[in-house]
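One structure below.
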Amino acid sequence: MSRPVVGLCTAQERASWAVWDQEAVLLPRNYVDRVQGAGALAVLLPPDPMASDDPDAVLDLIDGLLLAGGADIDAAAYGAEPHPLTVGTVPVRDGFEIALARRAMERDLPVLGVCRGMQIMNIARGGTLLQDLPERLGHERHRPVLGTFEGADHGVELEAGSLAARAAGTTRCETKSHHHQGVDELGDGLLVTGHAPFDRFPEAIELPGRGFALGVQWHAEATDADRIIGAFVDAARAAREARAGAQA
């Protein structure tokens, strides 16, 4: 296998297709399209309680971990009481992804967190979340319309020289957002390297000293112009080549 293998964590939701309406594991296709378009093999990772206890069993199979967007995260995952607007949580998914993210960062396996995935990375390092941004910030600009990216474009300012800026290829990028939760207390060792210019809310976090450990609050999969997933796949490719060289 010459292509890097990227594991993409899936949602676990009720879904309808053809004549069926039942519980499913799923992921929006554009995540897969972006990963494949960057030259990687995309492997879907459904929630797995056994792997929550032994994340290495999963991480040994992949060259990079992509934590995708999706449902609110259970407040119990970071020791908080749930806000009335924290809804639709799937604790089995939360536990699985937190375990994978924590161990992947320990192993220096390339990790990219997108939207919810950035929040998972923060929780995995001991951080917490704000459970409803409109209540705290007084506006809906981070999720203007439920279920669509319509009207969801806004700029993000990235710190010069940061991994976020290098991956994006710029210090200011246009993004698409759809979230009502976000980083509150920052996890151990993480740095905020991107902000929304209109409210200074964290839009990118990273773990210095690692090859590629980056979380972005926007949906990097939602536009072909976004370079973040391509940079992540490049890091996964480099990790695969380095491992092959060490085994030769």
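Because the structure is a prediction, the values reported are computed rather than measured.
- L44 has its side chain out of reach of V25: every pair of non-hydrogen atoms, C-beta onward, lies at least 4.5 Å apart.
- Looking only at distances, no side-chain donor or acceptor of D74 sits under 3.5 Å from a matching main-chain atom of P82.
- The 12-atom threshold is exceeded at CZ of R172, counting heavy atoms of other residues, nucleotides or ligands nearer than 6.0 Å.
- When the side chains of ILVMFWY residues are joined at heavy-atom separations under 4.5 Å, either directly or via intervening members, V114 and V90 end up in two distinct hydrophobic clusters.
- Applying the side-chain hydrogen bond (donor to acceptor under 3.5 Å, both in side chains) rule to H180 yields the partners D72, D132; only residues at least two apart in sequence or on another chain are considered.
- Note that the OG1 atom of T86 and the CD1 atom of I73 stand 10.0 Å from one another [nearest 0.5 Å].
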| query | How far apart are the C-alpha atoms of E206 and M121, what are their side-chain angles, what is the distance that settles it, and do they pass the side chain to side chain contact (heavy atoms under 4.5 Å, CB included) test? | reply | CA-CA 9 Å; E206 55 194 71; M121 290 177 67; over 6 Å; no

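- At a threshold of 4.5 Å between side-chain heavy atoms, the hydrophobic network of Ile, Leu, Val, Met, Phe, Trp and Tyr places L163 and V233 in one connected group.
- One hydrophobic cluster, built from ILVMFWY side chains closer than 4.5 Å, holds both W218 and V35.
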| query | For V43 and L61, what are the C-alpha separation, side-chain angles and deciding distance, and is it a side chain to side chain contact (heavy atoms under 4.5 Å, CB included)? | reply | CA-CA 10 Å; V43 175; L61 304 175; over 6 Å; no

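- The side-chain hydrogen bond (donor to acceptor under 3.5 Å, both in side chains) test applied to N30 returns no partner, not counting sequence neighbours.
- Shown here are the side chain to side chain contact (heavy atoms under 4.5 Å, CB included) partners of C115, two or more places apart in sequence or in another chain: H179, Q217, H219.
- Atom CG in L109 sits 6.5 Å away from atom CG in L65 (nearest 0.5 Å).
- Residue pairs meeting the ring-ring contact (aromatic ring centres under 6.0 Å, His included) criterion with at least one member in residues 48-86: none, sequence neighbours excluded.
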| message | Checking D226 against I229 for the side chain to side chain contact (heavy atoms under 4.5 Å, CB included) test, could you report, in this order, the C-alpha distance in whole Å, the side-chain angles of both residues, the deciding distance, and whether it holds? | response | CA-CA 7 Å; D226 197 301; I229 291 178; 6.0 Å; no

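- A distance of 10.5 Å separates CD of E157 from OG1 of T170, quoted to the nearest 0.5 Å.
- The side-chain hydrogen bond (donor to acceptor under 3.5 Å, both in side chains) check on D33 picks up R29, with sequence neighbours excluded.
- Interatomic distance, OG of S52 versus CD1 of I98, reported as 9.0 Å (0.5 Å rounding).
- Enclosure of atom CD in E150 is not indicated, since only 12 or fewer non-hydrogen atoms of other residues, nucleotides or ligands lie within 6.0 angstrom.
- A salt bridge is defined here as a Lys NZ or Arg NE, NH1 or NH2 lying under 4.0 Å from an Asp or Glu carboxylate O, and R107 with D60 meets this definition.
- Listed for the R93 side chain is a donor-acceptor partner under 3.5 Å among the backbone atoms of T10.
- Grouping the Ile, Leu, Val, Met, Phe, Trp and Tyr side chains by contacts below 4.5 angstrom, directly or via other members, places L100 apart from Y31.
- Using a 4.5 Å cut-off on side-chain heavy atoms (C-beta onward), M118 and E203 make no contact.
- Under the side-chain hydrogen bond (donor to acceptor under 3.5 Å, both in side chains) criterion, D63 pairs with R240, R243, sequence neighbours left out.
- Smallest separation of non-hydrogen atoms from G151 and P144: O-CG, 3.3 Å.
- Comment: R116 engages D94 in a salt bridge, judged by a side-chain N to carboxylate O separation of less than 4.0 angstrom.
- With hydrophobic clusters built from ILVMFWY side chains whose heavy atoms lie under 4.5 angstrom apart, F96 shares a cluster with V111.
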